[in-house]
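I have placed the structure first, in the form of structure tokens, so that the comments after it can refer back to it.
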Amino acid sequence: MENNSKNLRRILWTVLAVFLLGIGLFSLYTWMKSQELTKPTQVLTDYGVVPDFSLIRQDKTPFTLSDLKGHIWVADFIFTHCAGTCPMMTSKMASLQKSMMKTGDVRLISFSVDPTRDTPEVLEKYAKNFGADTKTWFFLTGPVSSIFTLAKNGFHLPVDSVGGDQTSPIVHSERFVLVDAKGHIRGYYDGTSEEVQPKLLMDMGDLMREAKQ
């Protein structure tokens, strides 16, 4: 009887040890997986800081760089009567916004490179035509010199009011620009490419995880 009792105790202790070991291994596995999800899959290049700017958005209210502080954002340069790449770029941006509906911290910015014609009223109508949620996607206008300087010196993108054609009278970049929550440019993307959305979403995820490090 005594030997049976000892054997039973050994079995119970063995079962308990295996159970506790299993819990420990599961906890370790869960922790390792959580670490994987919180670490960026890559370190994105830092292309420099976006300089401060002061422009007007589609609802006629002022808009500055400080309004984007703490937010990851994506920018492009378009104009409303463009018959070339701008409609395609804006459609891509609209699709991107739909994909980010659950990510309230991300902002989209479309700068007009033809601010003389793109008044706030014109931009507001343009935004509605593309189904833009103007709580997170802003269309900006202002002095021509300010926007051209911002594009060239701030975002390092080409823009010119001469040298275009009938379809695109203003020469401008087709790039989307990814900016982190501290105002640093972290990526350039072809705004007309089919791959732009998945690539941007992946890189935005990396920036979010990077901010938590």
Side-chain angles (χ1 to χ4, degrees), residues 46-94 96-97 106-192 196 200:
D46 190 332
Y47 294 97
V49 183
V50 176
D52 196 13
F53 59 82
S54 180
L55 297 170
I56 303 295
R57 68 187 199 183
Q58 76 282 345
D59 62 0
K60 300 182 181 180
T61 58
F63 195 93
T64 68
L65 182 63
S66 62
D67 291 307
L68 295 166
K69 186 177 181 180
H71 297 286
I72 294 169
W73 50 289
V74 180
D76 70 351
F77 289 82
I78 51 95
F79 59 106
T80 61
H81 63 283
C82 168
T85 59
C86 297
M88 186 184 303
M89 293 170 63
T90 307
S91 294
K92 297 288 185 186
M93 196 74 97
L96 182 63
Q97 185 176 59
V106 178
R107 300 288 182 265
L108 304 179
I109 309 294
S110 289
F111 297 93
S112 171
V113 294
D114 188 18
T116 302
R117 294 176 65 171
D118 286 343
T119 62
E121 293 86 356
V122 171
L123 289 175
E124 186 172 40
K125 183 178 179 180
Y126 187 76
K128 288 180 180 179
N129 287 341
F130 282 91
D133 179 357
T134 52
K135 294 179 181 178
T136 56
W137 183 1
F138 305 102
F139 294 76
L140 304 184
T141 188
V144 175
S145 58
S146 297
I147 292 176
F148 275 38
T149 299
L150 180 63
K152 293 177 181 178
N153 299 339
F155 287 92
H156 314 294
L157 297 176
V159 60
D160 203 331
S161 57
V162 297
D165 54 32
Q166 188 174 359
T167 302
S168 297
I170 300 175
V171 178
H172 64 93
S173 174
E174 300 173 0
R175 297 286 184 181
F176 285 177
V177 185
L178 177 63
V179 184
D180 67 22
K182 296 180 180 179
H184 290 245
I185 297 172
R186 303 301 295 275
Y188 292 93
Y189 311 80
D190 182 354
T192 65
V196 64
L200 263 170

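Along the sequence shown, the residues carry numbers beginning at 1.
- Side chain to side chain, Asp190 and Thr192 meet the donor-acceptor criterion of an N or O pair below 3.5 Å.
- Of the possible donor and acceptor atoms, none in the side chain of His71 sits under 3.5 Å from a partner among the backbone N and O of Arg107.
- Taking CD1 of Ile170 as the start and CZ of Phe79 as the end, the distance is 4.5 Å to the nearest 0.5 Å.
- Shown here for Ala151 and Val159, the closest heavy-atom pair between the two residues is CB-CG1, 3.8 Å.
- Minimum interatomic distance between Thr116 and Val144 (heavy atoms only, all atoms of both residues): OG1-CG2, 3.8 Å.
- Within the model, atoms CD1 of Ile147 and OG of Ser112 stand 5.5 Å from one another, a figure rounded to the nearest 0.5 Å.
- Annotation: side chain of Gln58 is not in contact with side chain of Lys125 (no heavy-atom distance under 4.5 Å).
- Considering every non-hydrogen atom in both Gly84 and Pro87, the closest pair reads O-CD, 3.4 Å.
- Partner of Phe77 under the ring pair (Phe, Tyr, Trp, His ring centres under 6.0 Å) criterion, out of Phe155, Phe148, Phe176: Phe155 alone.
- Residues Phe111 and Leu157 have side chains not in contact (no heavy-atom distance under 4.5 Å, counting atoms from C-beta outward).
- Under the 4.5 Å side-chain criterion, counting only non-hydrogen atoms from C-beta, Phe63 is in contact with Ile109.
- Here the side chains of Tyr126 and Ile78 are in contact, with some heavy-atom distance below 4.5 Å.
- Under the 4.5 Å side-chain criterion, counting only non-hydrogen atoms from C-beta, Thr119 is not in contact with Thr141.
- Side chains of Leu200 and Leu96 form a contact here, defined as non-hydrogen atoms less than 4.5 Å apart.
- In this structure, the side chains of Pro115 and Pro143 stay at 4.5 Å or more apart for every pair of heavy atoms.
- Annotation: the span from His172 atom NE2 to Thr85 atom OG1 amounts to 4.5 Å, rounded to 0.5 Å.
- Expressed to the nearest 0.5 Å, how far CZ of Phe138 lies from CG of Leu55 amounts to 13.0 Å.
- The minimum heavy-atom distance linking Ser110 with Asp76 is given by the pair OG-OD1, 2.8 Å.
- Pairing each heavy atom of Gly154 with each of Ile185, the nearest pair is O-CD1, 3.5 Å.
- With ring centers used as reference points, Tyr188 lies 6.0 Å or more from His156.
- Residues Gln97 and Thr136 are in side-chain contact: their nearest non-hydrogen atoms beyond the backbone lie under 4.5 Å apart.
- There is a side-chain donor-acceptor pair under 3.5 Å between Asp118 and Thr80.
- Atom CG of residue Leu68 and atom CG of residue Asp180 lie 11.5 Å apart, to the nearest 0.5 angstrom.
- Nearest heavy-atom pair, Arg175 versus Met89, reported as atom, atom and distance to 0.1 Å: O-CE, 4.3 Å.
- Remark: Met93 CE to Cys86 SG distance equals 11.0 Å, nearest 0.5 Å.
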*Evaluate the side-chain contact (heavy atoms from CB on, under 4.5 Å) criterion for residues Leu140 and Phe53: first the C-alpha distance (whole Å), next the side-chain angles of each, then the deciding distance (0.1 Å), finally the verdict.*
CA-CA 11 Å; Leu140 304 184; Phe53 59 82; 4.0 Å; yes
